[in-house]
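Here is the structure we will look at, set down as C-alpha cells.
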Amino acid sequence: MKLHLSPIIQIKALVSLVLMLMTSVAMAATPEEEGLVEVYSPDSLVELHVRQDNLADYKTRRERHGIYFGLEYENYVPSSFVSINDGKTYQELFNGEAIPIFNLAMDYKYNFVLGSLALGASAGMGSIEDDRSGDKRTLEITKYMATLKFTLDNLMKEPYVAPYVGMSMYQMSITDKSTTNSVSESPPMGYAYTFGLLLQLDWLDYDVAKNATFNYGLENTFIDVFMTQYLASGGDADANMETDPNWGVGLRMEF
C-alpha cells in the first residue's frame with residue numbers, strides 16, 4: 001500500500017531533517033576548530049603580581065629594608081644661651097619660654113630579629129620674639145641633624161608600642177636680632193640623644209590600614225613621642241645651644 005503524506009507534513013519533516021543535520025555538524029567540530037575558541041592573544045592578557053602577605057601581621061610580612069618619613073614638633077629651650085648682641089641670658093630675653101621648632105625627617109630602616117636600625121637626617125626651623133628686656137628681640141634657629149636610632153619594633157606581631165633610643169650630631173644656624181642690630185652665627189657641631197615611644201595608629205581602622213599597605217606600601221603609621229637633650233658644642237666664644245631634656249611629638253610613617 002502506498003503512503004500519501006499531506007504537503008504540510010512533508011514540509012515539517014523536511015525542516016526537522018535540516019535542523020538535525022545542522023546540530024550534527026555543530027557537534028562534530030574538529031579538535032582544531034575547538035582549539036581556536038580557547039586560544040587567547042598574549043597581548044590581551046594582564047599579569048598581576050600581588051603580595052600574598054599583605055593581610056599578615058607586621059612581624060610576618062615586614063621586609064629587610066624600609067623607610068621612615070616623619071613630621072615633628074619640638075619644644076626647644078636653649079636655657080644656656082647668652083646673646084651675642086648684649087650678653088643677656090635666655091631667661092632675661094625670653095623668660096625661658098620654648099622655641100617651637102618644626103622638623104622634617106627621613107630615615108633608611110634596616111630590620112632584623114631584635115628590632116630595627118634607622119639612619120637618617122632631619123631639618124627644622126623655629127623662632128621666638130619678645131620685648132620684655134626693653135627691646136624687641138628675635139631669635140631664629142635653623143637646625144640640621146643626622147641620627148642613628150634603634151627601635152624595638154619586633155617584640156609583638158604588631159608594633160602597638162615601640163620604644164627607641166637615638167644618638168645624633170646636630171648643626172645649628174642662629175640669628176640674634178634686636179631693633180638696632182642683627183648677628184648670625186653657626187656654632188660647631190654638637191651631639192644630642194633621644195628617647196622616644198612610637199604608638200601605632202593602624203588598629204584604629206584595620207581596613208583603611210590594610211588598603212594603605214596594599215595600594216601604597218604604607219606599613220605603619222605612628223604617633224612619635226620623644227625627649228631630646230642637646231649637649232654643649234664649641235667653646236666659650238660660641239653660642240651655647242645646650243638644653244635640658246625637651247619634649248616633642250610627631251607623626252611617623254613607615255614604608
Side-chain angles (χ1 to χ4, degrees), residues 51 53-77 98 100-126 143-172 189-231 243-255:
R51 285 184 55 180
D53 57 354
N54 279 316
L55 296 180
D57 58 77
Y58 173 74
K59 191 170 187 176
T60 301
R61 75 173 186 270
R62 80 173 189 166
E63 299 178 348
R64 181 66 68 185
H65 308 282
I67 293 175
Y68 278 141
F69 177 78
L71 299 171
E72 303 168 347
Y73 167 82
E74 187 175 358
N75 211 49
Y76 180 71
V77 184
I101 294 183
F102 296 90
N103 300 310
L104 180 65
M106 183 171 289
D107 304 84
Y108 161 74
K109 183 172 183 280
Y110 178 80
N111 298 316
F112 59 102
V113 64
L114 295 178
S116 63
L117 285 174
L119 178 63
S122 65
M125 298 179 65
K143 177 170 64 72
Y144 305 97
M145 294 183 71
T147 304
L148 178 66
K149 300 188 190 82
F150 170 66
T151 306
L152 286 171
D153 58 358
N154 203 34
L155 298 177
M156 300 173 284
K157 290 185 176 181
E158 292 288 340
Y160 298 113
V161 179
Y164 70 90
V165 60
M167 288 294 298
S168 305
M169 292 182 63
Y170 73 86
Q171 174 71 67
M172 293 194 185
M189 284 191 295
Y191 295 93
Y193 61 86
T194 301
F195 295 98
L197 204 62
L198 298 178
L199 306 174
Q200 191 198 52
L201 297 178
D202 295 30
W203 59 271
L204 294 174
D205 195 323
Y206 179 83
D207 291 335
V208 170
K210 291 305 177 185
N211 285 333
T213 300
F214 181 80
N215 293 314
Y216 307 109
L218 180 59
E219 295 289 350
N220 285 297
T221 303
F222 299 101
I223 292 292
D224 184 4
V225 182
F226 59 91
M227 297 286 292
T228 299
Q229 182 166 9
Y230 295 84
L231 306 180
T243 70
D244 294 327
N246 299 316
W247 64 268
V249 65
L251 180 69
R252 192 189 298 189
M253 293 169 284
E254 178 185 353
F255 292 88

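Along the sequence shown, residues are numbered consecutively beginning with 1. For clarity, every value in this text was computed on a predicted model and none was experimentally measured.
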- Take Glu74 and Lys143, measure what salt bridge (Lys or Arg N to Asp or Glu O under 4.0 Å) needs, and give me the verdict at the end. CA-CA 11 Å; Glu74 187 175 358; Lys143 177 170 64 72; 3.3 Å; yes

Only pairs under 3.5 Å count here: list side-chain donor-acceptor contacts from residues 145-152, not counting sequence neighbours, and write none if there are none.
unit_1: Thr147; atom_1: OG1; unit_2: Ser168; atom_2: OG; d: 2.7
unit_1: Lys149; atom_1: NZ; unit_2: Asp107; atom_2: OD2; d: 3.2

Would you compute the distance between atom [atom1] of [X] and atom [atom2] of [Y] and round it to the nearest 0.5 angstrom?
X	Y	atom1	atom2	value
Tyr108	Ser116	OH	OG	10.5 Å
Leu198	Ile223	CG	CD1	10.0 Å
Ile67	Met253	CD1	CE	12.0 Å
Tyr68	Lys109	OH	NZ	4.0 Å
Gln200	Tyr160	CD	OH	6.5 Å
Glu254	Thr221	CD	OG1	9.5 Å

- Message: Using the rule given for side chain to side chain contact (heavy atoms under 4.5 Å, CB included), can you reason through Asn211 versus Tyr216, listing the C-alpha separation, both sets of side-chain angles and the distance that settles it, and then say yes or no?
- Response: CA-CA 8 Å; Asn211 285 333; Tyr216 307 109; over 6 Å; no

By side-chain contact (heavy atoms from CB on, under 4.5 Å) - contacts of [X] (at least two apart):
X	value
Val161	Leu197, Leu199
Lys59	Asp57, Asn154
Tyr193	Met167, Phe195, Gln229, Leu231

- Quick one: do Glu158 and Asn220 satisfy side chain to side chain contact (heavy atoms under 4.5 Å, CB included)? Show the steps, please. CA-CA 9 Å; Glu158 292 288 340; Asn220 285 297; 4.2 Å; yes

- Contacts of Tyr76 meeting side-chain hydrogen bond (donor to acceptor under 3.5 Å, both in side chains) (sequence neighbours excluded), chain-then-number -> none

- Item | ring pair (Phe, Tyr, Trp, His ring centres under 6.0 Å) against Tyr144, all qualifying residues, sequence neighbours excluded | none

- Message: Can a donor-acceptor pair be found, under 3.5 Å and without considering hydrogens, that links the side chain of Asn111 to the backbone of Glu63?
- Response: yes

- Message: Tell me if a side-chain donor or acceptor on Arg252 pairs with a main-chain N or O of Ala105 at a distance below 3.5 Å.
- Response: no

If you look at every heavy atom in [X] and [Y], which pair is closest and at what distance?
X	Y	result
Ala98	Asn75	CB-OD1, 3.2 Å
Met172	Tyr170	CG-CD1, 3.8 Å
Phe222	Pro159	CE2-O, 3.6 Å

- CA sep, side-chain torsions, deciding dist, call: Thr228, Thr243, side chain to side chain contact (heavy atoms under 4.5 Å, CB included): CA-CA 9 Å; Thr228 299; Thr243 70; over 6 Å; no

- Output, in order, the C-alpha distance, side-chain angles, deciding distance and verdict of side chain to side chain contact (heavy atoms under 4.5 Å, CB included) for Tyr110 and Arg64. CA-CA 6 Å; Tyr110 178 80; Arg64 181 66 68 185; 3.4 Å; yes

- Query: Do Met169 and Tyr191 come within less than 4.5 Å of each other through their side chains, counting heavy atoms only?
  - Reply: yes

- Item | Min side-chain heavy-atom separation Thr194-Val165 under 4.5 Å | no

- Task: Check the side chains of Tyr164 and Asp224 for a donor-acceptor pair under 3.5 angstrom, ignoring hydrogens and angles.
- Result: yes

- Message: Other residues, nucleotides and ligands only: do more than 12 of their heavy atoms fall within 6.0 Å of CZ on Phe112?
- Response: yes

